[in-house]
Amino acid sequence: MGITSRKEEHVQLVTEQDVNFKNRTAGFEDYMFKYDALPEMDFQEVDPSAMFLGHRLASPLIITGMTGGYPNAEQINAGLAEACELVGVAFGLGSVRAGIEKPELRSTYSAARSAAPTIPIIANLGGAQVAEWNVSGSLLENCLTALDFTKANALAVHVNPLQELLQPEGEPRFKGVLSGIEFLVHQLPVPIIVKEVGAGISGAVAHRLAQTGVTIIDVAGAGGTSWAGVEILRQDGQTSLMEFWDTGIRTTDCLLECRGVVPTLIASGGVRSGTDAAKAIALGANIAGAARPFLKAYIDGSVNGSVDGGVAAVEQILLKWDLDIRRWMFLTGSATLEALANSLRKSD
Ligand SMILES: Cc1cc2nc3c(=O)[nH]c(=O)nc-3n(C[C@H](O)[C@H](O)[C@H](O)COP(=O)(O)O)c2cc1C
């Protein structure tokens with residue numbers, strides 16, 4: 001199956017079936033906020049804004065990379081990006097490989113920038129491609145082409161050995177990925193973000209990335225969308241692969257291991273509410289994000305049953321998450337996101 005139809009199948013599958021981790025969570029329920037009865041501030045003074053890629057986000061949130069490269073993806077990327085622009089948060093595109101290889105598909109990615117002229121937009125490429133193109137000598141040219149048609153502010157490289165291994169058409173070839181990332185860090189005019197896709201970045205991996213000069217990591221940990229699960233369902237729930245469904249490092253553990261290793265840490269993977277996002281920031285993240293909940297909202301609504309999908313549904317969730325982050329800041333006496341740092345304790 002070509003990448004174009006695979007990307008379409010992924011979107012259909014994750015919106016129609018249960019692809020969450022089965023017996024593991026991202027870990028946010030293990031923590032609760034320390035309530036402060038004397039916050040010494042007015043709720044209106046709480047400032048959840050965050051600097052990211054040289055922009056000030058109104059709220060420390062991102063919709064992480066999902067799609068592009070087939071006709072219907074154009075509307076999805078435009079819609080999700082428009083909602084991000086309305087709220088003032090960041091937006092990630094799915095892998096831009098299809099657009100690099102087929103110029104006629106580039107509008108499925110560039111639609112995001114057209115819909116969102118001012119927010120940070122992040123292009124995306126697989127680690128396996130980075131390694132392969134680094135060897136063939138086409139890596140820099142291909143990435144510059146992608147930055148040109150996406151008008152992105154950064155390039156995310158996704159490292160996803162679990163997914164590549166289980167995907168029938170996968171490319172589990174990771175030899176040379178790190179040197180490809182290092183090459184990009186030094187050659188590209190925009191920052192490189194390294195992310196997983198839901199199995200998590202450990203502290204040890206974060207240190208190896210930091211040594212190559214990577215400054216932004218999205219841990220994309222375990223507990224939300226299981227890409228092993230997606231690939232198992234694509235193969236009719238093949239039982240011989242079931243034991244891989246829940247593979248990965250939970251998002252909260254990733255954060256504890258990775259905090260302080262790079263200047264900017266993004267928390268994603270199983271972040272499902274503004275409360276989760278606020279806890280992720282209290283655990284060391286600068287920005288929190290999610291993927292599947294926003295795609296589902298865009299496609300089938302499901303926000304309290306009150307809004308039919310589309311831009312309004314995505315905007316409504318982002319605004320609710322933003323409000324809940326500000327509520328937790330007030331209730332812990334944290335005027336800024338930095339002040340949230342000491343606001344958690346282990347749940348009873
Ligand atoms: C339909 C879909 C497609 C995705 N495609 C990509 C991709 O092309 N590149 C990437 O880095 N991550 C991709 N992801 C992974 C997400 O960015 C995210 O890391 C992962 O889904 C975990 O977050 P969640 O639990 O909030 O869904 C995709 C996720 C979904 C749901």
Side-chain angles (χ1 to χ4, degrees), residues 3-4 6-21 24-28 61-70 72-73 76-77 80 90-100 108-109 112 122-130 146 150 152 154-164 167 170 192-201 216-231 233-234 246-252 254 266-273 276-277 280 287-299 314 317 321:
I3 8 174
T4 296
R6 182 166 83 235
K7 292 301 278 181
E8 186 156 28
E9 194 187 343
H10 281 154
V11 166
Q12 198 178 357
L13 203 143
V14 307
T15 48
E16 290 174 2
Q17 299 203 46
D18 182 0
V19 292
N20 281 321
F21 275 68
R24 302 182 64 216
T25 69
F28 294 110
L61 295 170
I62 178 170
I63 297 183
T64 67
M66 284 183 276
T67 204
Y70 65 95
N72 283 341
I76 297 174
N77 275 334
L80 294 175
F91 175 71
L93 293 160
S95 170
V96 295
R97 177 186 174 183
I100 291 170
T108 67
Y109 304 94
I122 296 153
N124 186 294
L125 199 57
Q129 269 72 60
V130 168
T150 58
L155 174 71
V157 175
H158 64 265
V159 287
N160 59 340
L162 174 71
Q163 185 191 8
E164 295 291 350
Q167 187 167 270
I192 302 299
I193 300 173
V194 177
K195 75 186 285 290
E196 234 287 342
V197 299
I201 302 269
I216 311 174
I217 290 176
D218 176 351
V219 299
T225 307
S226 163
W227 277 93
V230 172
E231 298 303 340
L233 289 176
R234 284 184 67 217
D246 275 355
T247 304
I249 311 162
R250 359 188 261 170
T251 298
T252 47
C254 294
I266 303 173
S268 75
V271 174
R272 293 294 176 262
S273 63
D276 288 349
I287 309 279
R292 183 169 173 253
F294 296 109
L295 182 68
K296 267 182 81 71
Y298 182 75
I299 288 178
V314 179
I317 306 187
W321 287 24

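Atoms within each ligand, like the ligands themselves, are counted from 1 in listed order.
In this structure, Thr108 contributes its side chain and Gly69 its backbone to a donor-acceptor pair below 3.5 Å. With hydrogens and angles disregarded, no donor-acceptor distance shorter than 3.5 Å links the side chain of Arg292 to the backbone of Asn20. Checking side-chain atoms of Asn77 against main-chain N and O of Thr67 turns up a donor-acceptor pair under 3.5 Å.
Atom CD of Gln12 has 12 or fewer neighbouring heavy atoms from other residues, nucleotides or ligands inside a 6.0 Å radius.
Protein residues having a heavy atom under 4.0 Å from any atom of ligand 1 are Lys7, Val14, Thr64, Gly65, Met66, Gly94, Ser95, Asn124, His158, Lys195, Glu196, Val197, Ala220, Gly224, Thr225, Trp227, Gly269, Gly270, Arg272, Ala290, Ala291, Arg292, Pro293, Leu295, listed by chain and number.
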- request: Show the numbers, then the answer: is there a salt bridge (charged side-chain N to carboxylate O under 4.0 Å, His left out) between Glu9 and Arg6?
  value: CA-CA 5 Å; Glu9 194 187 343; Arg6 182 166 83 235; over 6 Å; no
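Residues forming a ring pair (Phe, Tyr, Trp, His ring centres under 6.0 Å) with Phe28 (at least two apart in sequence, or on another chain): none.
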